[in-house]
Enquirer: 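Attaching a single structure in structure tokens format; questions to follow.
FYI, side chains are in, hydrogens and waters are out, and symmetry mates aren't considered; it's all heavy atoms of this structure. Counting convention: from 1, in listed order, for ligands and their atoms alike.
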Amino acid sequence: MTKVIAIIGSPRKKETYGAVLKFGEYIKSYGEIEFEPIFLHDYNLEFCTGCKLCFDKGEEYCPLKDDRDVLMEKISQSNGVIFASPNYAFHVSAQMKNLFDRLAFLFHRPRFWGKACTAIVTQGIFGGDKIVKYLNSMGENLGFYSSCGCVLQTLEPTTEAMRIKNDRKIKKAAESFYKALTNGAPSPSLFRIMMFRMSRTMIGKLQNKEYRDYRYFKELGWFESDYYYPVTLGFFKKIWGSFFDFIGNKR
Ligand SMILES: Cc1cc2nc3c(=O)[nH]c(=O)nc-3n(C[C@H](O)[C@H](O)[C@H](O)COP(=O)(O)O)c2cc1C
């Protein structure tokens, strides 16, 4: 059974939560999906203290003892994740941002390959398009491949016309997420190849062999591979990959 979770960054169960439940109903109507909404507010996730032990020594050295690993395990057990947040001051909510801060070590050593992600943003007026892009890029930095997502206008009191329009957007986003989920991971973009090749050159050259990133790349054979996961790169992507190695070495 395909498992999808929705990570909800709103502090209240209202518009964002309602949109997520509707999204879940749509994807469940397309195929065999087990759907679980995860309300971040119900979990104990403390603020990062900036010690960087997760980056340097390993995530197990984090001094904060809270629900971070529970949330990571939920992501690991899923095939797809919906990141849903209200627009707060032109960005994601603090709860959602805190989750990304706490998982930022994974940007160095991504783990969630082969999983799809998308984004739902609710807002009063405007600014949500950039937030959807941000959420999708955070997902990609964690290893996911993304599908378009949606921005919903939820200025209170909501009208029937707004609800109909939002419902249409949710349905469209749910369809493309479901398609992405069933099609599987696409070939990595040049940008993603560049990110991989340049960061591995940096890790290989600058990091002491005790560093967690270095050990992780070594253990997974990433210093020799074309990309993070087994993929056949076409001729041009291979050439670009070598070019990014060259530039990384020069820098
Ligand atoms: C603290 C706060 C900041 C907000 N900032 C914005 C904003 O910058 N732009 C916007 O369009 N809406 C903004 N809103 C409106 C919310 O995005 C909107 O009401 C959203 O639907 C709330 O989601 P919820 O019902 O899940 O709580 C803000 C709301 C709050 C409470």
Enquirer: Identify the protein heavy atom lying closest to atom 5 (N) of ligand 1, giving its residue, its atom name and the separation to 0.1 Å.
Expert: Ala89 N, 2.9 Å
Enquirer: Picking from Arg102, Arg68, Arg111, Lys52, what satisfies salt bridge (Lys or Arg N to Asp or Glu O under 4.0 Å) with Glu59?
Expert: Arg111
Enquirer: Hey, does Ile82 have a side-chain heavy atom less than 4.5 Å from the side chain of Ile5?
Expert: no
Enquirer: Looking only at N/O atoms, are Glu15 and ligand 1 under 3.5 Å apart anywhere?
Expert: yes
Enquirer: Between the main-chain N or O of Gly124 and the side-chain N or O of Thr154, is there a donor-acceptor pair closer than 3.5 Å?
Expert: no
Enquirer: Does the side chain of Tyr145 pick up a donor-acceptor pair with the side chain of Asn136 at under 3.5 Å?
Expert: no
Enquirer: Looking only at protein heavy atoms, which one is nearest to atom 21 (O) of ligand 1, and how far off is it?
Expert: Thr154 OG1, 2.5 Å
Enquirer: Among all protein heavy atoms in this structure, tell me which lies nearest to atom 12 (N) of ligand 1, with the distance rounded to 0.1 Å.
Expert: Gly124 N, 3.1 Å
Enquirer: Which residue owns the protein heavy atom closest to atom 14 (N) of ligand 1, what's the atom, and how far is it?
Expert: Asn87 O, 3.2 Å
Enquirer: What protein heavy atom sits nearest atom 22 (C) of ligand 1, and how far away is it?
Expert: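 The closest one turns out to be Pro86 CB, 3.6 Å.
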Enquirer: Considering only protein heavy atoms, which is closest to atom 20 (C) of ligand 1, and at what distance to one decimal place?
Expert: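 Checking every protein heavy atom, the shortest distance to atom 20 (C) of ligand 1 gives Thr122 OG1, 3.5 Å.
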Enquirer: Show the atoms of ligand 1 that are less than 4.0 angstrom away from any heavy atom in Ser10.
Expert: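 This gives 24 (P), 26 (O), 27 (O) as the contact atoms.
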Enquirer: Working note: Ile75 + Ile7, criterion side-chain contact (heavy atoms from CB on, under 4.5 Å); need CA distance, chi angles, decisive distance, verdict.
Expert: CA-CA 9 Å; Ile75 300 175; Ile7 300 181; 3.9 Å; yes
Enquirer: Near Phe126, which atoms of ligand 1 are under 4.0 Å from a heavy atom of that residue?
Expert: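 Checking each atom against Phe126, I get 9 (N), 10 (C), 11 (O).
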Enquirer: Are Glu15 and Thr158 close enough that some pair of their side-chain heavy atoms sits under 4.5 Å apart?
Expert: yes
Enquirer: When you check the side-chain N and O atoms of Ser187 and Lys237, is any donor under 3.5 Å from an acceptor?
Expert: yes
Enquirer: What protein heavy atom is closest to atom 26 (O) of ligand 1, reported as residue, atom name and distance in Å?
Expert: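 Heavy-atom neighbour on the protein nearest atom 26 (O) of ligand 1: Thr16 OG1, 2.6 Å.
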Enquirer: Under 4.0 Å from any heavy atom of Arg12, which atoms of ligand 1 are there?
Expert: 24 (P), 25 (O), 27 (O)
Enquirer: Checking a contact table here: which protein heavy atom is nearest atom 30 (C) of ligand 1, and how many Å away?
Expert: Tyr88 CE1, 3.4 Å
Enquirer: Is the ring pair Phe144/Phe112 parallel, tilted or perpendicular, if the boundaries are 30 and 60 degrees?
Expert: tilted
